[in-house]
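These notes are about the structure you will find just below.
Proteins come first, then strands; the chains are lettered A, B, ... in the order of their sequence lines, and each starts at number 1. Bear in mind that the values here come from a model prediction, so they are computed numbers and not experimental data.
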Amino acid sequence: MPAEGLLAASWLLIALPLAGAAVLLLGGRRTDRWGHLLGTATVVAAFLLAVACTVQLAGLDGRAADVELFTFIATGELDVTAGLLYDPLSAVFVLLITGVGSLIHVFSIGYMAHDPARRRFFAYLNLFVAAMLLLVLGNSFVALYVGWEGVGLASYLLIAFWYTRPAAATAAKKAFIMNRIGDVGLALAIFVMFAQLGTTSYAGVFGSVGTLAGGTITAIGLLLLLGACGKSGQFPLQAWLPDAMEGPTPVSALIHAATMVTAGVYLIARSAPIYDLTPTARAVILAVGAVTLLIGAIAGCAFDDIKKVLAYSTVSQIGYMFLAVGLGPAGYVAGLAHLLAHGFFKAGLFLGAGSVMHAMDDSVDMRRFGGLAKKLPITFVTFGLGYLALIGFPFLSGYFTKDAIIEAALDRGDVWGWVLGGVAVLGAGLTAFYMTRLMLMTFFGRPRWDDGVHPHEAPTVMTAPMIVLAVGSVAAGALLVSVFPLADWLAPVFGEPAEAAHVVAPALVGLVVTVVMVLGVLTAWLFVGRREVPVTAPVRVSPVTRAARNALYADTVNESLFMRPGQWLTRALVWFDNRGVDGAVNGLAAGLGGSSSRLGRAQTGFVRTYALGMLGGVVMVAGALLAVTAG
Amino acid sequence: MSASLYLVAMIAVPAIGAAAVAALPKERGLLAKQVALGVSLVVLLLAVLSTMAFDPDGDRFQLTTSVAWIPDFGADFALGVDGIALVMLLLIGVLVPLVVAASWHEADAGPRPARVFFAWLLLLEAMMVGVFAATDILLFYVFFEAMLVPMYFLIGSFGGPRRQYAAVKFFVYSLVGGLVMLASVIGLYVVSTSQLGEGTFAFDALRQLEIDPDVQKLLFLGFFVAFAIKAPLVPFHTWLPDSGAEAPIGGAVLLVGVLDKVGTFGFLRYCLPLFPDASRYFAPFVLVLAVVGILYAALLAMGQSDMKRLVSYTSISHFGFIALGIFAFTTEAATGAVLYMVNHGIATGLLFLVVGMLISRGGSRQIGDYGGVAAQAPKLAGAFLVAGLASLALPGTNSFVSEFLVLIGSFPTRPVFTVLATAGIILAALYVLLMYQRTMHGPPRGMLLADVHGGDPTPGTEPARSTEPAQGTHPARGGASAATATVTAPAPARGGVRFADLSRRELAVVAPLIALIIGLGVYPQPLLDLIEPAVVATVDDLGAPGGTDR
């Protein structure tokens, strides 16, 4: 129904941070002194507005509100209205984006305090928040696409924030390009929708998608999935996400962990009415999720860069979410619950990593850390709680949300249910291993840093957001499962939660997962905690370790399959165009016109004469015209 | 002034202005610039007034004037605009004053007095208005050919080291196309003589002819070759990188921003309505050229080391999108194609202008001579980025709307071609971001290096520069005088000179274009409302959408 009250003003959610970005970018150095405060204020204001909107939404019948803004593109049969859809699904994302976004803006005030370009940083962060809110609030696939590429731009700008570093510039470009590959899929999906259904709005598409042939629905589903894989760093487009860690750490926390990279999950959940009709596309989602979950977890075990480990962890955790939403109606809520919980604990972990880097002169090499628990007590405790939540320590967030995914997979009741459940349990063990390894190398053992480094706890403006996120990490799971059940809140979108007939008793699943988790922790302790960590990485390692260190050769494959042949092709074409096409056309012209030397050597006399002659002719004609008119 | 005279005035004012500027004494260079700016602003005002007088839901052609011109042939000096021509006039009106402002100093560095540059520029403006406003096909042809003259002299007198080669190539290619078209124009006249009793060149009368399909094919090809060279479509494109690279920046902006659009405008105005059967017959062939062009030129753009050549190749790729939109024969795609013509002029215009500002500082067109510019000239980098993002059609910029319309409108009738074209958006991201990263990001390179060290470049860096001979600065390529033509700013003293950020004049040039890029990216509907009726009329002339994908 049309929005009233505050919901009718929900476009302000997007406009506020967008205005912040505009002021900071156009205002220039004049805004240096207070730019970070303005940037934070717009997002906090958006969060407060979002809370109020959500409260109002809860009281609405049907819990959905349409906000029509203006006609964006209308020509021929196409009619795209710029409008918003505030419903339970967009509401949880808006709360996550503005809530975690506010905390990370506050954190950044301290983290970026000494950066001369802090204002530009806040401008880009605000731009990101605006684009991300458009992505989740838009009421059509076109609006989603605009936000989708908008967050891609913000991500590009923020990864390349320290653009004088070639690695940062290259990582930003890589992220944008790999995202664009996914965007092609999303764009084509929109084209198919328009060609077949004549509309791109959610209401229009979901209302009539059932009339399409099964193959067409599957095609739409797979094209949307390509887009989701690009944005969410899922196989085969996962290689950009770890490189994106070149950006400042708050960026990694907000964009590359908590919000933007989960947009793919949002897209699939939003498109549930499409996926509900195509088991084939859902099966592909499941495969993508399961494969990525393992790739991320395996690579996470091998890196020594604290941010890269967390990045591969994100890849892996989003794999869980894909697996969940790929299960269809049984898994949407589980996937989204994990997404929200992950938003808390992974953002907290990244901010903790940022605090560690802040203390260690921006080093990210865990082999040069060690024994930081005493030096950074607040960071240690908050990071530790995030760690426990991530590995699924009983009764913390991850325990509830990850188990729910595994249960939903097993509840399929077929062989694939067991395979997927098994992969997810295996992933839980690997997660426990790599995260414990990270904890041990960073906070325990003997200090391995240089004499010149003096670790110190971060200022309150940084630790306060970490504490809030740690509390969230502990509590989110339980809250979403029992106190404010997410399933009930999302019922208007996905239907009333069904009582699942459990194949395996939930308690047993919990027990098994916990045992596997403990095994992972113990293994990590055996490998890392028990003995001294070498300051340089061992060179003579098994092929498995080498493969993991190379992230299972994703970059190698991309480079040898696409990049190098592409460069070769480009060079060949440049040669061909200069010699072949130009030569052929010139030769043809020469054949027709006599001597090629006229063109080749630019003997211009005759052309100049001709040109002037033509001008003279035109003047004469014009003169004649005037004479005729006058006469 | 009566509204019907707006179009006449839009031709007469710049033509008279050109004569006035040319007649000024040599030492009054500044006055020449001021007059040129004033005249071009008057044309902009006239374009805005024309738009206000234009009723989108009214007759197809409005603001019409017609005077007997060559009565013996039935040729009239007939002007009038539909929505398609009108938006092109608006584009001309916006671009020319900015080009004048952008060329303020560049024109002084040429081998000829600045007033000559601005006189040719104004004459070019008059011809460009004429070519879009003509509703008599012989008049169109005259403007089509006359337009070459000022551009020839702009390139040949004020261009880069290889300007003469480029100017001649431009002229000969266009002239050949024009002559082939003339044959078809005469052919049309003959057909009209036999069908109507007396010959005519009036577009509205010619549109009513029932031409035999085989004759249509021949006549179509005459127009098509001229327009395909102009647009240009692959494989008729090789003149454009040379002309775009050697032309002075202002000339390059108008060349790809407006002149080339005459080709795609011609497809829509003349090929489709006059030869509907032939258009349907040749559509698959044109679509192949369009899609090959999108991908081929984008790959070539990635391989360029010269920024102006790179931008020229991106334009060829973009023209492929426009041709796709036109020959998909749907309202959505054709409306998108027309909007694309406007948006490309704005976006690539900005890109060329910013590249020119970069070149005027660094004295080289080679990407390899730059690096890390963003740190010293953030406003320039920002304008460069906006232009680049518009070029890769990022949502929120104007180009997104037009590219999206072309693709979504072409998909229903031509899915295979559309899918291939859509892959081009990945290549667009590559060529834009590669150039941006190499010039703006990374550590300082090229002349900036000398600056950062705060003294003479270290011996180690000097050979590194000279092993990468910059075409634009290498005297051996084009003679000593030519080298100075590209180095418009005084060559920076080694070390010490900061890489200046945009001046106020330069900001005044880029700001309106950035505002248009974002404004039309968010709210394109007013332009679409202008364009759509004319497009619907064109698609109706064509009859039922024909052909299936193959």
Side-chain angles (χ1 to χ4, degrees), chain A residues 25 70-78 142 145-146 148-150 153 156 160 163-166 168-170 172-173 176-177 180-181 183-184 187-188 190-192 194-195 569-571 573-574 577 581-582 584-586 589 593 598-599 602 604 607-608 610-612 614-615 618 621 625 628-629, chain B residues 67-69 77 142 145-146 148-149 152-153 156 164-165 167-169 171-172 176 235-236 238 296 299-300 302-304 330-332 335 372 374-375 382 389 394-396 401 404-405 407-409 411-412 415 418-419 422-423 425-426 429-430 433-434 437 440-443 523-525 528 532:
Chain A
L25 285 175
F70 58 93
T71 298
F72 179 41
I73 306 174
T75 177
E77 305 285 309
L78 184 71
V142 175
Y145 187 84
V146 172
W148 193 266
E149 288 226 314
L153 169 66
Y156 171 83
Y163 53 77
T164 49
R165 297 205 309 232
T170 303
K173 184 186 67 201
F176 195 94
I177 301 297
R180 264 251 154 154
I181 296 172
D183 294 353
V184 168
L188 289 174
I190 296 174
F191 300 161
V192 177
F194 173 68
L569 176 68
T570 302
R571 257 178 245 136
L573 286 183
V574 169
D577 199 58
V581 179
D582 199 19
V585 179
N586 285 350
R598 292 216 170 109
L599 192 55
T604 60
V607 179
R608 185 176 294 247
Y610 196 99
L612 279 173
M614 265 180 65
L615 183 65
V618 170
V621 170
L625 170 73
V628 169
T629 323
Chain B
V67 183
W69 174 31
F77 188 89
V142 169
E145 293 286 41
L148 300 183
V149 178
Y152 169 81
F153 283 102
Q164 306 217 319
Y165 170 74
V168 172
K169 198 166 173 181
F171 197 86
V172 171
V176 168
F236 306 104
T238 53
Y296 178 77
L299 285 167
L300 278 164
M302 285 162 57
Q304 300 303 312
T330 68
T331 305
E332 297 86 4
T335 307
L389 295 174
L394 191 84
V401 179
F404 178 75
L405 271 176
L407 292 172
I408 202 169
F411 187 81
T418 308
V419 169
T422 307
I425 72 171
I426 302 170
L430 271 167
L433 295 184
L434 276 170
Q437 182 189 349
M440 298 291 137
H441 284 166
Y523 193 52
Q525 198 58 36
L528 291 174
E532 193 188 67

Can you tell me which portion of [X] sits under 4.5 Å from chain A's heavy atoms? Options are side chain, backbone, both or neither.
X        : value
B/Leu434 : both
B/Leu299 : both
B/Thr422 : both

Self-check item: Test log, rule side-chain contact (heavy atoms from CB on, under 4.5 Å), inputs B/Phe411 and A/Phe194
Solution: CA-CA 9 Å; B/Phe411 187 81; A/Phe194 173 68; over 6 Å; no

Taking every non-hydrogen pair under 4.5 Å, which of [options] racks up the most with chain B?
options                      : value
A/Leu569, A/Leu188, A/Leu573 : A/Leu573
A/Ile190, A/Asp183, A/Ile177 : A/Ile177
A/Ile73, A/Thr71, A/Leu78    : A/Ile73

Quiz prompt | N/O donor-acceptor pair under 3.5 Å between A/Tyr163 side chain and B/Gln437 backbone | solution =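 Absent.
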
Please look at [X] and chain B and tell me whether the side chain, the backbone, both or neither of the residue comes under 4.5 angstrom of a heavy atom of that chain.
X        : value
A/Leu25  : neither
A/Ile181 : both
A/Phe72  : both

Quiz item: What distance do B/Ile425 atom CD1 and A/Glu149 atom CD have between them, rounded to the nearest 0.5 Å?
Solution: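 It comes to 6.0 Å.
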
Quiz item: Within a strict 4.5 Å, meaning less than it, do heavy atoms of the A/Asp577 and B/Tyr296 side chains meet?
Solution: yes

Let's test your reading of the structure: which of [options] forms the most heavy-atom pairs below 4.5 Å with chain A?
options                                : answer
B/Pro443, B/Ala423, B/Gly409           : B/Pro443
B/Thr418, B/Leu433, B/Thr335, B/Val419 : B/Leu433
B/Ile408, B/Leu405, B/Leu389           : B/Ile408
B/Val176, B/Leu300, B/Thr331           : B/Leu300

Practice problem: For side-chain contact (heavy atoms from CB on, under 4.5 Å), just list the numbers for B/Leu394 and A/Tyr156, CA-CA rounded to whole Å, side-chain angles, deciding distance to a tenth of an Å, and then say yes or no. | Solution: CA-CA 12 Å; B/Leu394 191 84; A/Tyr156 171 83; over 6 Å; no

Where do [X] and [Y] come nearest, in terms of heavy atoms and distance?
X        : Y        : value
A/Ala74  : B/Glu532 : O-OE2, 4.3 Å
B/Glu332 : A/Thr75  : CG-O, 3.5 Å
B/His441 : A/Ala160 : CE1-CB, 3.7 Å
A/Val142 : B/Phe404 : CG2-CZ, 3.6 Å

Quiz item: Counting only heavy atoms not in A/Glu77, do more than 12 fall under 6.0 Å of its CD?
Solution: no

